[in-house]
Amino acid sequence: MRRSSVPVVAGRVLDGQQSFGRARDESAAWQGLVARSPAMAALWRIVDHLAPAARATLVTGDTGTGKTLLADVALRLGPCRGEPVVVLDPAADAHALRRLRQTAAGSRTPVSCAVSDLTALSPDAQAILARALANAEARDPGQGLHVIAVSRVDPQEAVHSGRVDPRLYYRLATARYHMPPLAARVDDIPDLAAVFLREASRRSGLAPRTLTAAATDVLVARTWPGNARELRNVVTRAAALADDGVIGVQTIREACGLDAVAAPARQGRLPERDLADLHRVSAALSSTGGNKSAAALQLGVSRRSFYRMLERLGA
């Protein structure tokens with residue numbers, strides 16, 4: 001995580017500059033998040049309107065969607081931007097709780113509190129936070145306490161089960177942002193994959209890599225129960241598995257843990273001649289350990305022609 005310009009008061013500081021990365025062009029990016037899809041565009045509008053004056057913010061979403069990244073954006077746009085940030089988590093030290101108690105007593109000093117996991121806070125910490133927010137409500141935006149909390153489970157269910165203090169929940173829900181799952185933002189997958197691939201190549205010291213259109217189609221068509229985090233993991237594996245700078249369908253399927261040969265449904269739609277070519281390509285790749293350059297040489301075609309063949313066959 002890159003260091004933030006926001007000073008550390010206690011524990012760590014949420015770094016608003018870290019993100020899922022920039023998209024392939026500026027039209028697809030918002031505050032460092034990929035935002036081409038209608039779902040993200042709608043979220044963008046809500047956060048832009050509410051964040052600058054929000055006293056309390058609650059961020060929800062499924063595992064791996066990027067809730068913490070969205071919380072970073074809310075912090076960066078909020079009324080206490082640039083002021084100290086107290087990070088409240090299960091390991092919060094006495095200094096963090098003492099600072100919150102001071103704020104609960106009615107301090108006007110601007111301070112943001114970032115709650116990394118609402119349901120993991122102790123009852124004592126939740127009670128302190130609820131009192132602090134209640135005392136701060138009469139202040140102008142930018143004075144006193146501002147809270148940005150992330151919940152990894154449905155907060156209303158947590159209230160009903162007794163894991164979250166209802167007084168705290170209803171104050172936090174003043175501005176509530178829900179990070180949509182990847183299934184609701186399929187249009188963002190190509191941009192996210194390109195960003196993750198660029199990051200993975202850079203971290204591993206690899207030459208720049210690109211995805212073929214057919215490989216990207218595989219990613220778009222796949223379901224992602226682990227959301228953007230799972231997509232990042234798959235693309236990172238694909239970058240490591242690729243034997244050159246172009247990542248095709250077979251490498252993506254290997255990274256996904258799927259059969260490296262074209263899916264049966266796809267094979268059933270291929271003309272007989274293409275199906276024969278598919279078997280030749282699969283055999284060449286198998287005999288060369290997946291090395292595309294060696295497979296092209298074995299088939300007696302140029303590497304460029306081999307890649308065009310992979311695209312045509314969806315292999």
Side-chain angles (χ1 to χ4, degrees), residues 1 3-19 31 47 50-61 66-153 155 158-159 163-179:
M1 180 178 286
R3 293 189 62 81
S4 172
S5 59
V6 178
V8 176
V9 171
R12 61 184 177 82
V13 168
L14 292 179
D15 181 357
Q17 297 304 311
Q18 184 189 17
S19 72
Q31 296 293 332
V47 176
L50 296 184
R55 168 75 57 189
T57 300
L58 181 61
V59 180
T60 60
K67 297 183 294 296
T68 299
L69 304 180
L70 182 57
D72 292 346
V73 171
L75 176 66
R76 192 162 66 239
L77 298 178
C80 285
R81 50 192 174 274
E83 298 294 341
V85 180
V86 175
V87 175
L88 194 59
D89 56 27
D93 57 22
H95 178 64
L97 292 175
R98 184 166 61 251
R99 181 64 182 272
L100 284 178
R101 285 191 176 95
Q102 291 171 354
T103 306
S107 172
R108 291 177 178 271
T109 303
V111 60
S112 293
C113 177
V115 180
S116 61
D117 186 354
L118 178 62
T119 58
L121 286 185
S122 68
D124 182 47
Q126 291 189 35
I128 293 172
L129 201 54
R131 287 196 299 273
L133 274 175
N135 289 337
E137 285 175 351
R139 307 292 183 202
D140 293 332
Q143 294 182 344
L145 180 69
H146 295 72
V147 180
I148 299 172
V150 172
S151 180
R152 288 166 168 74
V153 300
V159 168
R163 295 172 63 188
V164 171
D165 187 325
R167 296 169 300 173
L168 177 58
Y169 166 69
Y170 287 111
R171 285 190 167 90
L172 286 175
T174 302
R176 181 173 175 177
Y177 311 134
H178 184 76
M179 194 68 171

What closest approach, in Å, do [X] and [Y] show between heavy atoms, and which atom pair accounts for it?
X	Y	value
P110	G142	CB-O, 3.0 Å
A114	V85	CB-CG1, 4.1 Å
A74	A51	O-CB, 4.4 Å
I148	A71	CG2-CB, 3.8 Å

To the nearest 0.5 angstrom, please state how far the [atom1] atom of [X] sits from the [atom2] atom of [Y].
X	Y	atom1	atom2	result
L58	H178	CG	NE2	11.0 Å
L70	Q31	CG	CD	10.5 Å
S122	L88	OG	CG	8.0 Å
L172	T60	CG	OG1	11.5 Å
L168	L118	CG	CG	5.5 Å

Could you check whether any side-chain heavy atom of [X] comes within less than 4.5 Å of a side-chain heavy atom of [Y], counting everything from C-beta outward?
X	Y	result
D165	L129	no
R171	R55	no
V115	C113	yes
Y177	L50	yes
S116	T68	no

Please check if any side-chain donor atom of H146 sits under 3.5 Å from a side-chain acceptor atom of S112, or the reverse.
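No donor-acceptor contact under 3.5 Å links the two side chains.
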Can you name the residues that form a side chain to side chain donor-acceptor pair (under 3.5 Å) with R152, not counting sequence neighbours?
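Not a single residue meets the side chain to side chain donor-acceptor pair (under 3.5 Å) criterion with R152.
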Which residues share a side chain to side chain donor-acceptor pair (under 3.5 Å) with T109, sequence neighbours left out:
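By the side chain to side chain donor-acceptor pair (under 3.5 Å) rule, T109 matches S107.
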Any residue meeting salt bridge (Lys or Arg N to Asp or Glu O under 4.0 Å) with R163, in chain and number order, not counting sequence neighbours
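Counting only residues at least two positions away or on another chain, R163 forms no salt bridge (Lys or Arg N to Asp or Glu O under 4.0 Å).
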What residues form a salt bridge (Lys or Arg N to Asp or Glu O under 4.0 Å) with D124, not counting sequence neighbours?
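Salt bridge (Lys or Arg N to Asp or Glu O under 4.0 Å) check on D124 returns R101.
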For [X], enumerate each residue passing the side-chain contact (heavy atoms from CB on, under 4.5 Å) test, keeping only those at least two apart in sequence or located in another chain.
X	answer
A54	T57, A175
Q143	R108, R139, D140
P52	none
A127	R131, R167

